[in-house]
Every structure is written in structure tokens, then in C-alpha cells.
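Have a look at the structure below before the remarks.
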Amino acid sequence: MKKWYSLIDKVYSKGNLYESFLKVKKNRGVAGIDNITISNFGEDLQENLEKIHLELKSGNYTPSPVKRVKIPKANGKMRPLGIPTVKDRIVQQAINNIIQPIFEPDFHPQSYGYRPNKSCQMAVAKAQVLMVRNELPFVVDMDLSKCFDTLNHKFIMQSLNRKISDGTLLKLIEKILKSGVMQEGRYSETEIGSPQGGVISPLLMNIYLDSFDQEMKSLGIEIVRYADDILLFAKTKKKAEQYQRIAVEYLNSIYLIVNEEKTHIASVLNGVKYSFSG
């Protein structure tokens, strides 16, 4: 497997930082704990990007804690989001721009969430093909509990290190993971998780869960995954139950918790309700 050694200079290049600002601006979003909006940041854009460039180049960049907010889910419960500052979103986007092309080509083809040229609709279409054309009518619909919030930092770094040997970049990502959370004026350390709402979090989730995807592939188990929504396909209910046990055991081994109450086996005969949240 090819490993990449010198990447940090590509992250802090002025061209990459400017491109990252444009992407952050396009995605909009509210201010972080410093109350600086995208418009505020853009007023002195050249100066602000130069400051980020020098901080990253010198190793003096320190990410701010994310602002924790809660938004309502469809089921009436609240979903926690972590909102980084605009400056930190630009840095995360700059990292994404460089490392996503390194990992993307080797991701499982049936992983669809947060990937370029992939969509929820494509995930549904593939699931239908597997059930009908491939004659795999039994489906294990798996639900992971608070996946973003339970990603193990050590396993994230091990997963990144499979392809990246740039110690400065790895330390930068670890700094971002451990930057902490501010909620109602109170600071909390972050020893696990990558906050939902962080620019880099979706990519880190896919890198993290790719080991699961590849394990299922090596065992001949057909899957469709959209972020943390997972479907496993089988010819018989007995096989589906076996696949579920294998998958749960593996996910537990990488520190993820399967919500047993929401995980169930469905079949084409009784109808399959897709849980993809795309």
C-alpha cells in the first residue's frame, strides 16, 4: 500500500487555503465560539488567510473548541452539532482537499455517504438491485448509536496512518479531534468522537468505517452503507442472522455500538423501509 509522507505543505499552501475559504463560504453556516461570521472573515480575507498559512507552517495553529448546539430530529429528539469557527472550518476543509483523494479511490464501492459523485438515491438503487436481481431478499438494517460522537481517536489515527506518514499533519488532525466543546459557556474536553457539524468529520467517519466495509467484502457479505446507516444482504433469514452477529462483533471491536432496538431483519416479501438519512 502506498504511503504519503510530505503533505502538510500542500495543506497550508495559499492556493489551497483560498479554495477552502470558497468552499466554506458556499456551504454557509453560522459563526463558532468567536462569533466571527463568514462575511466578517472575508472582510480582511488576504490577511486572515495569511495568518492561517503562517500558523500552520510554523506549527503554532491551535483550533478553538467547537460550539455545541442541538437541533431537532424527525423523531422529536435532539441531535447535537459541533460548530467550528470559520477559521477552523477553513483548516479542516484544507485538510480534506488533500487527504480525501488519497483515501477515496480505495473506499468500498457500496459506501455512498459523504462521497463525491455518490448519493442517497444511488444507495437505494443498489439495494434494490441486490435484493431483486442478485436474489438477496433478506436485509439486516443496522443502526449505529451516536456514531460521530463515539469514534475512537486512537482508531481514527491508526486508520489515517495506514496511508499517511506525515507526522505534522497527523498531529494537526489529532489537535482538531481534541479541541474540546463549548456549551452554554462551559468547556468540555473531547476524548472521543468527531463532532457532527465539523467539516472533516464525514471523511473521518468514512475512513474509520472503511475497515468494516472491507471486512464484510472479504467475507463475501454484500452491504450498502450510507454514512452510519448500514444494510447487509442475504439469501435466507438464517444467513441474515449470521451476518448480523458477524457485523455486530466487528463493529464492537472498533468501539462502535449497534442500537439493538433499531436494528432488525426485513425482507422483500414484507417490504424494506430504507433508513438512509441522505
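All values derive from a computational prediction rather than experimental measurement.
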Fill in: Linked, directly or transitively: V181 and I156 (ILVMFWY side chains, under 4.5 Å)
no
Discussion item. Ignoring hydrogens, what is the shortest heavy-atom contact between K235 and E135? Give both atom names and the distance.
Written reply: NZ-O, 3.3 Å
Item to complete: Report the C-alpha distance between I38 and F21 in whole Å, list the side-chain angles of each, state the deciding distance to 0.1 Å, and finish with yes or no for side chain to side chain contact (heavy atoms under 4.5 Å, CB included).
Response: CA-CA 9 Å; I38 296 168; F21 167 75; 4.2 Å; yes
Item to complete: Output, in order, the C-alpha distance, side-chain angles, deciding distance and verdict of side chain to side chain contact (heavy atoms under 4.5 Å, CB included) for K178 and H153.
Response: CA-CA 9 Å; K178 297 190 179 299; H153 288 180; 3.0 Å; yes
Practice prompt. Would you please test T263 and V140 for side chain to side chain contact (heavy atoms under 4.5 Å, CB included) and show each step?
Written response: CA-CA 7 Å; T263 296; V140 184; 4.3 Å; yes
Fill in: Any donor-acceptor N/O pair, D210 side chain to N206 backbone, under 3.5 Å
no
Worksheet item: Looking only at side chains, do N96 and K23 share a donor and an acceptor under 3.5 Å apart?
Response: no
Fill in: Note: E47-K51 ion pair, threshold 4.0 Å (strictly below)
no
Discussion item. Closer than 4.0 angstrom, basic N to acidic O: yes or no for K163 and D106?
Written reply: yes
Worksheet entry | Neighbour count above 12 (heavy atom, 6.0 Å) for K175 NZ | yes
Discussion item. Is it the case that over 12 heavy atoms from other parts of the model lie below 6.0 angstrom from the CZ atom of F103?
Written reply: yes
Discussion item. Looking at Y112, I'd like to know if the NZ or CZ of K118 sits under 6.0 Å from its six-membered ring centre while staying within 45 degrees of the ring's axis.
Written reply: yes
Fill in: Heavy-atom side-chain proximity of I95 to L203 below 4.5 angstrom
no
Practice prompt. Please examine the side chains of F107 and D213, heavy atoms only from C-beta on, and report whether any two atoms are closer than 4.5 Å.
Written response: no
Practice prompt. Using modelled atom types only, decide if a donor and an acceptor are shared between the side chain of D166 and the backbone of I8 within a distance under 3.5 Å.
Written response: yes
Practice prompt. Compare all side-chain heavy atoms of E241 with those of Y243 and state whether any distance is below 4.5 angstrom.
Written response: no
Worksheet item: Mind checking whether L151 and L256 have side chains closer than 4.5 Å, heavy atoms only?
Response: yes
Worksheet item: Backbone N or O of F41 within a donor-acceptor pair of the N48 side chain at under 3.5 Å?
Response: yes
Worksheet item: Among the clusters formed by ILVMFWY side chains lying less than 4.5 Å apart, do I173 and I192 turn up in the same one?
Response: no
Discussion item. Do V129 and I221 sit in one hydrophobic cluster, given that two such residues count as connected whenever their side-chain heavy atoms are within less than 4.5 Å of each other, even indirectly?
Written reply: no
Worksheet entry | same_hphob_cluster(I207, I98) at 4.5 Å side-chain heavy-atom cutoff | yes
Practice prompt. Following the transitive rule for hydrophobic clusters with a side-chain heavy-atom cut-off under 4.5 Å over Ile, Leu, Val, Met, Phe, Trp and Tyr, establish whether Y12 and I52 coincide in one cluster.
Written response: yes
Practice prompt. Compare all side-chain heavy atoms of Y226 with those of V124 and state whether any distance is below 4.5 angstrom.
Written response: no
Worksheet entry | Name of the residue among L251, I223, L231 meeting side chain to side chain contact (heavy atoms under 4.5 Å, CB included) with M142 | L251
Worksheet item: Is any side-chain N of the basic residue among E50 and K14 closer than 4.0 Å to the acidic one's carboxylate O?
Response: yes
Item to complete: Determine whether S188 and R68 make a side-chain contact, defined as any pair of heavy atoms from C-beta on separated by less than 4.5 Å.
Response: no
Practice prompt. Determine whether I83 and V66 make a side-chain contact, defined as any pair of heavy atoms from C-beta on separated by less than 4.5 Å.
Written response: no
Worksheet item: Parallel, tilted or perpendicular: which fits the ring planes of F212 and Y250, with parallel below 30° and perpendicular above 60°?
Response: tilted
